[in-house]
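A note on names: the letters A, B, ... follow the listed sequences, proteins ahead of strands, and every chain is numbered from 1.
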There are 2 protein chains.
Amino acid sequence: MSRRDELAERATDHALEHGLIGLSLRPLAAAMDTSDRMLIYHFGSKDELVAAVLSTSNDRSMAIISAMPPSASVAQAVIDLWDTFTAQQVQRCQRMYVEAAALGLFGREPYVSSVRDSNLVWIAAIAGHLAASGAAEQDAPRLATLVDATFNGLMLDRPLDGDAALRQVVEDLASALAR
Amino acid sequence: MSRRDELAERATDHALEHGLIGLSLRPLAAAMDTSDRMLIYHFGSKDELVAAVLSTSNDRSMAIISAMPPSASVAQAVIDLWDTFTAQQVQRCQRMYVEAAALGLFGREPYVSSVRDSNLVWIAAIAGHLAASGAAEQDAPRLATLVDATFNGLMLDRPLDGDAALRQVVEDLASALAR
DNA sequence: TTTGGCATGTAGCAAGTGCTACAGAAAGCC
DNA sequence: GGCTTTCTGTAGCACTTGCTACATGCCAAA
């Protein structure tokens with residue numbers, strides 16, 4: 001693994017823990033036992049570092065979501081996806097994705113591009129799981145967009161509501177989609 | 001209207017236009033034909049300014065959503081809410097709300113508190129409209145949380161997908177909830 | 001006319017930002 | 001040995017950040 005990749009992994013760990021909004025090179029470098037100087041050297045600019053971090057994070061969550069076995073029904077798939085989604089590992093990645101998407105709301109780079117890249121493969125993975133769980137092939141992408149949007153929206157509510165309340169809402173969605 | 005309120009209104013206009021995440025006092029003050037010095041004088045701190053801006057923005061979108069006449073059905077209510085939600089005026093406020101929620105993802109103040117305050121009355125308003133449109137009273141709050149989360153999640157996708165695609169997804173949700 | 005409070009302008013501070021200039025170390029290749 | 005390439009440390013630059021010290025103008029009450 002190249003030095004750059006190693007730094008990307010550790011920077012991703014730090015960003016997942018402390019957030020993407022407000023991320024700055026010096027504290028990040030200090031936590032990684034290196035210097036801002038080195039980060040710029042290996043990544044060229046902060047923007048490229050951020051892009052690498054978002055890509056790394058996306059790879060991690062994709063690996064987990066792609067490994068899910070098919071669910072017994074579409075409704076069950078929604079529940080299973082939520083459980084995976086809120087598992088520590090994926091949930092952090094998704095939280096950072098939401099931060100990136102918020103940073104991209106006004107078109108700022110590198111966030112828009114990174115979010116677009118992540119979103120494409122992510123939605124495809126969700127759609128794949130839904131299709132494997134019984135959803136019609138042509139409905140899967142839109143269904144995936146709906147489910148993903150709802151999950152991300154609920155993520156924004158996490159600091160407000162308890163996880164139990166959010167799960168209840170997901171169950172409502174699952175049963176609505178099943179009928 | 002006090003000077004402070006007037007400044008809050010104009011600061012809100014600016015924040016809705018340029019975003020909350022990178023908001024800083026000097027450019028904001030310059031756009032308002034005043035100085036950072038004055039903003040701090042009237043609001044005490046940047047945090048209180050931000051709280052005032054979020055509160056003002058919330059008041060504005062609440063005024064619009066509260067004025068909606070009941071819809072013919074729950075499904076139609078979801079569609080109507082989306083159309084109101086994406087109307088220029090409300091959509092900007094909601095975009096800023098999403099920014100604030102993202103800023104609050106790691107517990108940072110004043111964002112968490114402001115988001116909590118806004119969310120409470122906002123969900124209540126959505127629930128009210130859904131109930132007025134035929135939803136069962138006891139289901140309305142959870143339904144409102146579901147609809148609101150989905151809308152906010154779709155807001156994050158706005159820079160990626162076209163509005164037509166997002167509306168399609170909302171229609172999927174509406175028909176799923178109707179069945 | 002003096003006093004006192006509200007509002008404002010000028011200047012600046014300490015800290016933090018991304019990034020760079022420059023020098024050196026280490027390691028492989030001739 | 002030299003020589004180039006890759007990497008790293010020190011120091012610093014130009015700029016922005018939220019916020020403050022201080023002096024000043026305005027305007028109503030005493």
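Summarising the geometry, the separation between CG on A:Leu49 and C1' on C:dC19 is reported as 13 Å, rounded to the nearest angstrom. For the pair A:Arg3 CZ and C:dA27 C1', the computed distance is 16 Å after rounding to whole Å. Rounded to an integer number of Å, the gap from A:Arg26 CZ to C:dA15 C1' is 10 Å. Whole-Å rounding puts the B:Ile40 CD1 to C:dC6 P distance at 19 Å. Remark: C1' of C:dT17 and CD1 of A:Ile21 are 17 Å apart, rounded to the nearest angstrom. Between the CG atom of A:Leu25 and the C1' atom of C:dA15 there is a distance of 16 Å, rounded to whole Å. The interatomic distance linking B:Phe43 (CZ) with C:dA7 (P) rounds to 12 Å, in whole Å. Atom-to-atom, CG of A:Leu28 to C1' of C:dC19 comes out at 15 Å; the value is rounded to the nearest Å.
Using a cutoff of 4.0 Å between basic side-chain nitrogens and carboxylate oxygens, A:Glu99 and A:Arg95 are not scored as salt-bridged.
Within the 4.5 Å cutoff, no side-chain heavy atoms of B:Thr86 are placed close to those of B:Met155. Contact annotation: the side chain of B:Ser71 approaches that of B:His129 to within less than 4.5 Å [non-hydrogen atoms, C-beta and beyond].
Listed by first and then second residue, the salt bridge (charged side-chain N to carboxylate O under 4.0 Å, His left out) pairs involving residues 17-34 of chain A are A:Glu17-A:Arg92, A:Arg26-A:Asp36 (not counting sequence neighbours).
Heavy-atom distances to DNA chain C give each of A:Gly44 and A:Pro27 a nearest nucleotide, and the one nearer the 5′ end belongs to A:Pro27.
With C:dT17, C:dC22, C:dG12 as the choices, the nucleotide that has an atom nearest any side-chain atom of A:Arg37 turns out to be C:dC22. The side chain of B:Ser35 approaches C:dG9 more closely than any other nucleotide in the set C:dG18, C:dC6, C:dG9. Residue A:Ser24 has its side chain nearest to C:dG18 when only C:dG12, C:dG18, C:dA7 are considered.
For A:Gln89, the CD atom is loosely surrounded, since the number of other residues' heavy atoms within 6.0 Å does not exceed 12.
Here the OG1 atom belonging to B:Thr34 is positioned 5.5 Å from the CG atom belonging to B:Leu39, to the nearest 0.5 angstrom.
Of the candidates A:Asn58, A:Asn119, A:Asn152, A:Asn119 is the only one forming a side chain to side chain donor-acceptor pair (under 3.5 Å) with A:Tyr97.
Think of the region where chain A sits on DNA chain D: with heavy atoms and a 4.0 Å cut, that region ends 5' and 3' at D:dT6 to D:dG12.
Contact annotation for A:Thr34: no contact, since no heavy-atom pair falls under 4.0 Å across all strands.
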